[in-house]
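Quick note on labels: first sequence line is chain A, next is B, and so on, each numbered from 1.
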Amino acid sequence: MASKFLSTQTVKATRGFAAQAAAKPAATEFSPVPREPVKTTTLSNGIVVTSIETNAPLSRVGIAFKAGSRNEPSGKEGIIHLLRMTSSLSTKQSTQFSLTRVINQAGAALTCTSGREHVLYSVDASRKQIDGVLPKLADAATQQVFKPWELSDNLYKIKLDLAAVQPETQVIELLHKVAFRTGLANSLFCPSHLVGKHTTEVLQSFVAANLRADNAAVVGVGIPHDRLVAYAQSLALKAGQSCSGAPSKVHGGEVRVDTSSSLAYVAVAAPGASLADTKAMVAFALLQRALGAGIPVKYGSGAGSKLNQAVLGAGAVSSLNLNYSDAGLFGFVAAAPASDAGKVVSAATKVLRSASVNESQLSRAKAQLKADLLMAKENTGVLVEELALQALLNRADLLSTVDNVSIADVNAVASRLASAKLTVAAIGNLSNVPFVDEL
Amino acid sequence: MAVTKAPGFINQLRATLGRFAYNASGFNKYGLMHDDVLFETPDVEEAIRRLPQKVVDDRNYRIMRALQYSGLKKYLPREQWTKYEEDVKYLQPYLQEVIKERQEKESWEKLF
């Protein structure tokens, strides 16, 4: 049983999945029992229940809430990190010991994943064992207690998480901090000055205010829909009021953190598409593929990636596309040795400013995006998280809209980047990294 | 409220005997409470570890004061002796939780 942390949404594609309302795929020798289409029910108390019956031996069920690090009250940042850490600790009905042993005995795994706008408790087990562990999932997700001695005994896990943060993750957290200032700026990790400062009362009041029935979704893969609806109805969640926070705005600016490293990691971003604007979201996703989101061939040269071609092997660059419910970021993340960092960042910024696509690049980007969207459906863990985000944040289904995007749409969003205000975050050896007004 | 005679009598007897035993034990003459002088088994030690800081501070103060008076071979002035009615069994909730957890663990270990 793992307490997995962090869904950084680093190069998290704007993925959706097909409603498969069309004809069911026929059984072939490779997939003897095809997946059923997705089914959604909304309960009277507001819980959205979504499931896909995969007819596979593995079941995965998740309880997700529309409460992420952006909902943390000011002065108490890091609560989401604590939620991830305490997902395995005692609850009202179970002790830490029984939670662990029941899940181990079933050969299952309990995971808590969180992002800036959601927190997801999920359990995966074989089909025969899932019924035994679903009560424990309900305990972990809805009956948290946060005993003071357990918090202090497990504080070392927070410190370990913080020590294990990679610079590429840290640079994206810094980018959010400078771009959004509040709300979405809150990091997925506890700030180091607040480690050990969260009390039981603070955590319990956050859970009571934010983990409610009206912003909850119960998602399941490999489980019958009626079974999941019955399970969701048995959850003890109270309805409540959502207090709408301030809308997010992307600000320009920069943050630079010098560390003793031989590399420099730089993230440069401009305002991107929010989840509310599906057309722009798809266009940015295609532009991301066209500019190069990682190297698809291992140890390859990234010849199809405009960003990688521009830096001529002096560093590694990957485009960045982040979509939140009311704001987005689009740009790139670059990593290079300290001496070449300036060249790499300037060249990549030039590519970003003058981004455009022609027909062949667009069709390649479309193929890559469709492949990524379909690949997401293969992994039940990613699929459960995608279902949850679609239910909670009204994320659109992208697969059906990819083909309808024209070259003009993509070039329209790309031209926005030419004059956009840039936000820069840099960490590492920054002796050669240009400042934001030099870009 | 009209109550039958028997429960009233039993409760009164219980309280009287309890008070007699409490005062005969003598720890209240040093200003200690019942849970301050509990024999420290591993369960009790774990329960003490879980006490909130304020309760721990008060407990430590009473114990240190009692040690001081015991060394001087003196009792506290009679007004400061802990009364049976004022005694708070602060450790019992934590202790019961510790014992329940230990028993749960033992019943699991018996099976596997």
* Apply side chain to side chain contact (heavy atoms under 4.5 Å, CB included) to A:Phe97 and B:Arg102, showing your working. => CA-CA 10 Å; A:Phe97 178 79; B:Arg102 177 172 54 80; over 6 Å; no

Pairing of [X] and [Y] as salt bridge, 4.0 angstrom limit:
X	Y	answer
A:Lys147	B:Glu97	yes
A:Asp153	B:Arg50	no
B:Glu104	A:Arg101	no

* To do: Kindly check if the number of other-residue, nucleotide or ligand heavy atoms within 6.0 Å of NZ (A:Lys66) is above 12?
  =>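 Atom NZ in A:Lys66 is not crowded, with 12 or fewer foreign heavy atoms closer than 6.0 Å.
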
* Residues B:Leu51, A:Trp149; criterion side chain to side chain contact (heavy atoms under 4.5 Å, CB included); working and verdict -> CA-CA 9 Å; B:Leu51 286 172; A:Trp149 56 90; over 6 Å; no

* Please state whether the side chain, the backbone, both or neither of A:Glu150 comes within less than 4.5 Å of a heavy atom of chain B. =>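 Interface part for A:Glu150: neither.
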
* Which residues in residues 58-96 of chain B have a heavy atom less than 4.5 Å from any heavy atom of chain A? ->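 Counting heavy atoms that sit under 4.5 Å from chain A, the residues of residues 58-96 of chain B involved are B:Tyr94.
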
* **Point-to-point distance, once rounded to the nearest 0.5 Å, from NZ of B:Lys105 to OG of A:Ser98** =>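 Output value for this atom pair is 12.5 Å.
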
